[in-house]
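Step one of this worksheet: look at the structure below.
Note that this is a predicted model, so its numbers are computed, not measured. Residues: numbered from 1 along the sequence shown.
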Amino acid sequence: MTGLRIGHGYDVHRLVEGRKLILGGVEIPWERGLLGHSDADVLTHAVMDALTGAARLGDIGKLFPDTDPAYAGISSLLLLERVGALLTEKGFAVVNIDATLLAQAPKVGPYRPEMERNLATALGIAPEQVNVKATTEEGLGFTGDGSGMAAHAVVLLEQVSKRDAL
C-alpha cells in the first residue's frame, strides 16, 4: 500500500454584520464577517477538514466541537497548528495543499500570498506547498448573492513514519 493519502475538505459560513472577516488567517476589511463559534475562517476550516480526512482523524467538528466554550472565538490558525501536531503524531507530512474560496466579494487576490504563508507557517511547511485561489459564482447561489462564503481544499499527505500509523 502506498504512503500517500488524499483528503478533501469543504466548509461554509454565513456572512453577517458585526463580525471580522478572517480568511486564511488574514483580517480582510469588509462590511461583514463570517458567523461561527470560532473566528469562522472558512478557508482554514476547509484545509483542516481535508487534512483530517486524509489522515483519518475525523473532522474539525469532532476534534474542536462548537459546543466547547474553549473554542469560542479561537483563531483557526491555532486549530490548524493542533491539526498539524496530530498529523506529525500519526507519522504524516503535508506534500501540498490546494484550496479554493468561493465568494462573490470582496476580492481577495492581494491577500492570497499572506494566506498561503499563514497556512504554511501553522503547519510548519513551505509556502510553496500551499496554493490558495478564489472564484465568484457569477451571482448564483448563496455565495453568489453574498449571503455566505464557502471553501474547498484538497491535500496530499505522505506517511513518513509508521510510528502511529493508521
Side-chain angles (χ1 to χ4, degrees), residues 1-14 22-26 28 34-68 70-103 108-109 111-137 141-143 148-166:
M1 175 148 90
T2 180
L4 298 176
R5 305 291 274 298
I6 296 172
H8 174 263
Y10 173 77
D11 196 41
V12 60
H13 286 275
R14 179 182 311 275
I22 309 291
L23 297 170
V26 178
I28 297 174
L34 295 167
L35 181 63
H37 186 65
S38 66
D39 64 5
D41 183 339
V42 70
L43 184 66
T44 303
H45 291 184
V47 169
M48 287 191 291
D49 265 342
L51 292 166
T52 58
R56 204 170 168 270
L57 296 170
D59 59 31
I60 61 173
K62 173 186 168 191
L63 295 173
F64 313 113
D66 64 6
T67 55
D68 189 335
Y71 304 120
I74 195 168
S75 165
S76 294
L77 289 179
L78 179 58
L79 299 178
L80 181 59
E81 287 177 14
R82 294 177 186 177
V83 168
L86 290 171
L87 294 175
T88 300
E89 285 176 26
K90 294 289 184 185
F92 288 104
V94 176
V95 176
N96 76 302
I97 297 169
D98 185 32
T100 306
L101 176 69
L102 296 93
V108 298
Y111 306 100
R112 285 175 34 207
E114 187 178 357
M115 291 176 192
E116 292 167 348
R117 281 191 305 273
N118 288 345
L119 296 169
T121 298
L123 291 166
I125 61 175
E128 294 76 23
Q129 292 172 267
V130 180
N131 185 62
V132 171
K133 51 196 184 292
T135 187
T136 67
E137 294 205 288
F142 70 92
T143 59
M149 290 184 178
H152 289 272
V154 177
V155 303
L156 180 62
L157 300 182
E158 180 177 22
Q159 192 169 6
V160 293
S161 86
K162 301 282 187 184
R163 183 175 69 139
D164 210 7
L166 300 173

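- Atoms CD and CE, on E137 and M149 in that order, are 11.5 Å from each other to the nearest 0.5 Å.
- Nearest heavy-atom pair across A151 and A46 is O-CB, 3.5 Å.
- The two residues M115 and V132 have their closest heavy-atom pair at SD-CG1, 4.0 Å.
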Could you go through V155 and V94, starting from their C-alpha distance and side-chain angles, then the distance that decides it, and tell me whether this counts as side-chain contact (heavy atoms from CB on, under 4.5 Å)? CA-CA 8 Å; V155 303; V94 176; 5.6 Å; no
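- Atoms CD and CZ, on E114 and R112 in that order, are 13.5 Å from each other to the nearest 0.5 Å.
- By the neighbour-count criterion of 12 heavy atoms within 6.0 Å, atom CZ of R14 is sparsely surrounded, having that number or fewer from other residues, nucleotides or ligands.
- Not a single side chain to side chain contact (heavy atoms under 4.5 Å, CB included) links T121 to another residue, sequence neighbours left out.
- Minimum interatomic distance between A150 and T143 (heavy atoms only, all atoms of both residues): N-CG2, 3.8 Å.
- Across all their heavy atoms, P127 and R117 have their closest contact at CG-CG, 4.1 Å.
- In this structure, A122 and L77 approach most closely via the heavy-atom pair CB-O, 3.8 Å.
- Here the side chain of D41 pairs a donor or acceptor atom with the backbone of G25 at under 3.5 angstrom.
- Within a 6.0 Å sphere centred on CG of L4, other residues, nucleotides and ligands contribute more than 12 heavy atoms.
- Between L51 atom CG and I97 atom CD1 the span is 5.0 Å, to the nearest 0.5 Å.
- In this structure, the ring-ring contact (aromatic ring centres under 6.0 Å, His included) partners of H152, at least two apart in sequence or on a different chain, are H8, Y10.
- Considering CD1 of I6 and CG of N96, their distance stands at 9.5 Å, rounded to 0.5 Å.
- For the pair K133 and T135, the minimum side-chain heavy-atom distance is 4.5 Å or more.
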With a 3.5 Å cut-off and sequence neighbours excluded, list the donor-acceptor pairs that the side chains of residues 57-64 form with protein atoms.
unit_1: D59; atom_1: OD1; unit_2: G61; atom_2: N; d: 3.0
unit_1: D59; atom_1: OD1; unit_2: K62; atom_2: N; d: 2.8

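- In this structure, CZ in R5 is found 8.0 Å from CZ in R56, a value given to the nearest 0.5 Å.
- Using a 4.5 Å cut-off on side-chain heavy atoms (C-beta onward), L35 and H13 make no contact.
- A donor-acceptor distance shorter than 3.5 angstrom exists from the side chain of Q129 to the backbone of A126, with no hydrogens or angles considered.
- In terms of heavy-atom proximity, L34 sits nearest to I22 at CD1-O, 4.4 Å.
- When each of D39, L80, V83 is paired with T44, the side-chain contact (heavy atoms from CB on, under 4.5 Å) condition holds for L80 and for no other.
- Atom OG of S76 is separated from atom CG of L43 by 10.0 Å, given to the nearest 0.5 angstrom.
- Within the 3.5 Å criterion, the main-chain N or O of D68 finds a donor-acceptor partner in the side chain of H37.
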